[in-house]
Enquirer: 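I'd like to ask some things about the structure below.
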Amino acid sequence: MHKTSAWPLALVYAGLIVYASLYPFAYWRDQGVSAWLFLSAPWPKYWTGFDVVSNVLGYGPIGFFLTLGALRTRHLRWMIWLAVPAAFVLSLAMEALQIYLPDRVPSNLDLVLNILGAALGAMSAWGLEKLGVLQRWSRFRASWFVPDARGALVLLALWPVALLFPTTVPWGLGQVLERLEAALADVLAGSPFLEWLPVREIELQSLLPVTQWLCALLGLVIPGLLGYCIIRRGAKRLWFLLWLAAFGVGVTALSATLSFGPEHAWSWFDVWVRGALVSALVLLVLLLWLPARAAAALAVLALGVDLSLINQGAMDPYFEQTLFLWEQGRFIRFHGLAQWLGWLWPFAALWYVLARLWGKESAA
């Protein structure tokens, strides 16, 4: 039996599909019709290429990860034949539940496209197995990573996706305090427990430039240290840093392009951000030979400082406008996946490195 990252990735991705399919989880109502009515309805008259591509690609990873997990786990290889049926059940449940949400429309075409996406993902994993790509990955993993590296590999794979959701500071993930307070106030509204909610005497202010620089620096140092927890010392870590910088800059530019247009793809990459990027890389190069346990300890410190600083800043009006575009505009289908990863990734990373420090790698 091989220990594989495919199972936790499949579980995480299934949870994100549920959130993205049922967002905004509000105004549930019963219209007095069957939840399965969409199955016998005519094909939709109006659809776009974006609808087709997003539904196919949206379920591709779930079929891929389920099949990959089965291929990598010898005594569960029979689950290969359940990857597409499992995706079908998930999609069917999501479409049926959407009939109770006024902002969502269940569609038999979406169901078919989702199944097609899962089947393509499953066939991709099967093809990679037949071509020997998975065996080469196993050799590469054994050469580059420590044996129990699943948790960190999952986190590093999700980091670029988390960066797609706009942030007030480049690479500044985990800014949840202001929204958490507002959500908690809404939940406690009209109840005596609202008086227990702590109230700040001074409203949150925009972060100072030096604080933004430090948050951007730590935003790159943290995944770097996470990689050091599992990557063997030496030139391998240096190659990892180059890929880390490329993904960090490239995905942030893509996020700016999606939010503001191609002409603003690099508007965020000003002098202080470039300084933070260079400083982070220099610091990580100096730590190339750092032992894995020391890297985990430094990651805990960096995460604590970063989350403390970034949650002391308020969201400016321009950033609020960008969030409105994502939450109500053309990115609503992708909203749940990227937003929740951007919020929760630092806390999941903190949990992981703490578990490694406590000597519970399997739990991590």
Enquirer: According to a hydrophobic-cluster definition based on side-chain heavy atoms being under 4.5 Å apart (Ile, Leu, Val, Met, Phe, Trp, Tyr only), do Leu226 and Leu307 belong together?
Expert: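 Leu226 and Leu307: one cluster.
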Enquirer: Would you check if Pro346 and Ile222 make a side-chain contact, meaning some heavy-atom pair closer than 4.5 Å?
Expert: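 Pro346 does not reach Ile222 side chain to side chain.
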Enquirer: Is the backbone N or O of Arg293 less than 3.5 Å from a side-chain atom of Arg356, with the two atoms forming a donor-acceptor pair by type?
Expert: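 No, the answer is negative, given that no donor and acceptor are paired below the 3.5 Å cut-off.
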Enquirer: Tell me, please, which residues at least two apart from Asn114 pass side chain to side chain donor-acceptor pair (under 3.5 Å).
Expert: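 Checked Asn114 against side chain to side chain donor-acceptor pair (under 3.5 Å); matches are Ser91.
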Enquirer: Okay, side chain of Ser255, backbone of Val251: is any donor-acceptor separation there less than 3.5 Å?
Expert: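 No, Ser255 side chain to Val251 backbone: no donor-acceptor pair under 3.5 Å.
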Enquirer: Would you say that Leu173 contacts Phe165 through its side chain, given a criterion of any heavy-atom pair below 4.5 Å between the two side chains?
Expert: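 No. Closest side-chain heavy atoms not under 4.5 Å.
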Enquirer: Does the side chain of Ser279 reach to within under 4.5 Å of the side chain of Trp213, using non-hydrogen atoms?
Expert: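 Yes - at least one pair of side-chain heavy atoms lies under 4.5 Å apart.
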Enquirer: Output, in order, the C-alpha distance, side-chain angles, deciding distance and verdict of side-chain contact (heavy atoms from CB on, under 4.5 Å) for Leu92 and Leu111.
Expert: CA-CA 7 Å; Leu92 182 66; Leu111 177 64; 4.1 Å; yes
Enquirer: Would you say CZ of Phe247 has more than 12 non-hydrogen atoms from neighbouring residues, nucleotides or ligands within 6.0 angstrom?
Expert: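 At most 12 heavy atoms, drawn from other residues, nucleotides or ligands, come within 6.0 Å of this atom.
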Enquirer: Might you point out which heavy atoms bring Ala41 and Asn108 nearest each other, and give the distance in Å?
Expert: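 For Ala41 and Asn108, the tightest heavy-atom pair comes out as O-ND2, 2.7 Å.
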Enquirer: Looking at Leu37, is its backbone amide N or carbonyl O close enough to the side chain of Ser40 to form a donor-acceptor pair, meaning the two atoms are under 3.5 Å apart?
Expert: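 Confirmed, Ser40 side chain pairs with Leu37 backbone.
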Enquirer: Less than 4.5 Å apart, side chain to side chain, heavy atoms only: is that true for Trp7 and Val154?
Expert: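 Result no, sub-4.5 Å side-chain heavy-atom pair not found.
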Enquirer: Identify the two heavy atoms, one from Ala299 and one from Val353, that lie closest to each other, and give their separation to 0.1 Å.
Expert: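 Looking at all heavy atoms of both residues, the shortest contact is CB-CG1, 4.0 Å.
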Enquirer: Check whether Val161 and Tyr13 end up in the same hydrophobic cluster, where Ile, Leu, Val, Met, Phe, Trp and Tyr are linked by side-chain heavy atoms less than 4.5 Å apart.
Expert: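 Yes, same cluster.
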Enquirer: List in chain and number order the residues that pass ring-ring contact (aromatic ring centres under 6.0 Å, His included) with Trp268, two or more places apart in sequence or in another chain; answer none if no residue qualifies.
Expert: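 Trp268 satisfies ring-ring contact (aromatic ring centres under 6.0 Å, His included) with Trp171 only.
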Enquirer: How would you list, by chain and number, every residue that makes a side chain to side chain donor-acceptor pair (under 3.5 Å) with Trp159, sequence neighbours excluded?
Expert: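 Side chain to side chain donor-acceptor pair (under 3.5 Å) check on Trp159 returns nothing, list empty.
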Enquirer: May I ask you to decide if Gly174's main-chain N or O and Asn311's side chain share a donor-acceptor pair within less than 3.5 Å?
Expert: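 Yes, the answer is positive, given that a donor and an acceptor are paired below the 3.5 Å cut-off.
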Enquirer: State which residues pass ring-ring contact (aromatic ring centres under 6.0 Å, His included) with Trp144; sequence neighbours excluded, sorted by chain then number.
Expert: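 ring-ring contact (aromatic ring centres under 6.0 Å, His included) check on Trp144 returns Phe140.
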Enquirer: Out of curiosity, Thr252 OG1 to Leu277 CG, how far, rounded to the nearest 0.5 Å?
Expert: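 Rounded to the nearest 0.5 Å, the OG1-CG separation comes to 10.0 Å.
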Enquirer: To the closest 0.5 Å, what do you measure between CG (Leu284) and CG (Leu220)?
Expert: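 Rounded to the nearest 0.5 Å, the CG-CG separation comes out at 8.0 Å.
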Enquirer: Would you say Leu11 and Leu9 are hydrophobically clustered, going by side-chain heavy atoms of ILVMFWY under 4.5 Å?
Expert: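 In one cluster: no.
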Enquirer: Indicate the atoms forming the closest heavy-atom contact of Pro170 with Val273, along with that distance.
Expert: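 Taking Pro170 first and Val273 second, the nearest heavy atoms are CG-CG2, 3.9 Å.
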Enquirer: Determine, stepwise, if the pair Trp351 / Phe347 fulfils side-chain contact (heavy atoms from CB on, under 4.5 Å).
Expert: CA-CA 6 Å; Trp351 182 11; Phe347 299 97; over 6 Å; no
Enquirer: Flag yes if Leu158 and Tyr19 sit in one hydrophobic cluster, no otherwise; membership is Ile, Leu, Val, Met, Phe, Trp, Tyr, and two members link when side-chain heavy atoms are under 4.5 Å apart.
Expert: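 As far as the 4.5 Å side-chain criterion goes, Tyr19 and Leu158 are connected within one cluster.
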Enquirer: Return yes when atom CH2 of Trp266 has more than 12 non-hydrogen atoms of other residues, nucleotides or ligands closer than 6.0 Å, and no otherwise.
Expert: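 Atom CH2 in Trp266 is crowded, with more than 12 foreign heavy atoms closer than 6.0 Å.
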Enquirer: Short question: side chain of Gln98, backbone of Leu22 - any donor-acceptor pair under 3.5 Å?
Expert: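 Flag not set: sc Gln98 to bb Leu22 has no pair under 3.5 Å.
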Enquirer: For a quick test of reading the model, state the closest non-hydrogen atom pair linking Leu163 to Gly248 and the distance between them.
Expert: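 Shortest heavy-atom separation between Leu163 and Gly248 comes out as CD1-CA, 4.1 Å.
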Enquirer: Got a list of side-chain donor-acceptor pairs under 3.5 Å for residues 229-241, not counting sequence neighbours?
Expert:
{"unit_1": "Arg232", "atom_1": "NE", "unit_2": "Ser143", "atom_2": "O", "d": "3.4"}
{"unit_1": "Arg232", "atom_1": "NH2", "unit_2": "Ala142", "atom_2": "O", "d": "3.3"}
{"unit_1": "Arg232", "atom_1": "NH2", "unit_2": "Phe145", "atom_2": "O", "d": "2.9"}
{"unit_1": "Arg233", "atom_1": "NH1", "unit_2": "Trp289", "atom_2": "O", "d": "3.4"}
{"unit_1": "Arg237", "atom_1": "NE", "unit_2": "Ile231", "atom_2": "O", "d": "3.1"}
{"unit_1": "Arg237", "atom_1": "NH1", "unit_2": "Leu288", "atom_2": "O", "d": "2.8"}
{"unit_1": "Arg237", "atom_1": "NH1", "unit_2": "Leu290", "atom_2": "O", "d": "2.7"}
{"unit_1": "Arg237", "atom_1": "NH2", "unit_2": "Tyr228", "atom_2": "O", "d": "2.8"}
{"unit_1": "Arg237", "atom_1": "NH2", "unit_2": "Ile231", "atom_2": "O", "d": "3.3"}
{"unit_1": "Arg237", "atom_1": "NH2", "unit_2": "Leu290", "atom_2": "O", "d": "3.1"}

Enquirer: Taking all non-hydrogen atoms of both residues, which atom of Gly58 and which atom of Ile17 are closest, and how far apart?
Expert: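 The answer is O-CD1, 3.9 Å.
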Enquirer: First locate atom CG of Leu298, then atom CG of Leu287, and finally report the distance between them rounded to the nearest 0.5 Å.
Expert: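 Spacing of CG (Leu298) from CG (Leu287) equals 6.5 Å.
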Enquirer: If you round to the nearest 0.5 Å, how far is SG of Cys215 from CG of Leu208?
Expert: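 Spacing of CG (Leu208) from SG (Cys215) equals 10.5 Å.
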Enquirer: For Leu214, check side-chain contact (heavy atoms from CB on, under 4.5 Å) against everything at least two apart and list the hits.
Expert: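 So Leu214 forms a side-chain contact (heavy atoms from CB on, under 4.5 Å) with Leu218, Leu309.
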Enquirer: For the hydrophobic clusters of this structure (ILVMFWY residues joined by side-chain heavy atoms under 4.5 Å, transitively), does one cluster hold both Leu341 and Leu164?
Expert: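 The answer is yes; both residues are in one hydrophobic cluster.
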Enquirer: Do Val176 and Leu344 pass the side-chain contact (heavy atoms from CB on, under 4.5 Å) test, and can you show the C-alpha distance, the side-chain angles, and the key distance before you say yes or no?
Expert: CA-CA 9 Å; Val176 298; Leu344 299 181; 5.9 Å; no
Enquirer: Could you go step by step and tell me if Leu101 and Tyr27 meet the side-chain contact (heavy atoms from CB on, under 4.5 Å) rule?
Expert: CA-CA 6 Å; Leu101 288 166; Tyr27 311 111; over 6 Å; no
Enquirer: Short question: side chain of Ser308, backbone of Gly304 - any donor-acceptor pair under 3.5 Å?
Expert: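 Checked: no pair found.
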Enquirer: If every non-hydrogen atom of Val84 is compared with every non-hydrogen atom of Ala119, which pair is closest and at what distance?
Expert: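 That would be CG2-CA, 3.7 Å.
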Enquirer: Roughly how far, to the nearest 0.5 Å, is the CG atom of Asn55 from the CD1 atom of Ile115?
Expert: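 One finds 11.5 Å between CD1 of Ile115 and CG of Asn55.
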Enquirer: Less than 4.5 Å apart, side chain to side chain, heavy atoms only: is that true for Pro106 and Trp36?
Expert: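 Result no, sub-4.5 Å side-chain heavy-atom pair not found.
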Enquirer: Any chance the side chains of Gln175 and Thr168 put a donor and an acceptor closer than 3.5 Å?
Expert: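 Yes, side-chain donor-acceptor contact under 3.5 Å.
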Enquirer: Please check if the side chain of Glu95 supplies one atom and the backbone of Asp110 the other of a donor-acceptor pair under 3.5 Å.
Expert: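 Side chain of Glu95 to backbone of Asp110: no pair is present.
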Enquirer: So how far is it from Leu244 CG to Leu281 CG, rounded to the nearest 0.5 Å?
Expert: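 It is 7.5 Å, given to the nearest 0.5 Å.
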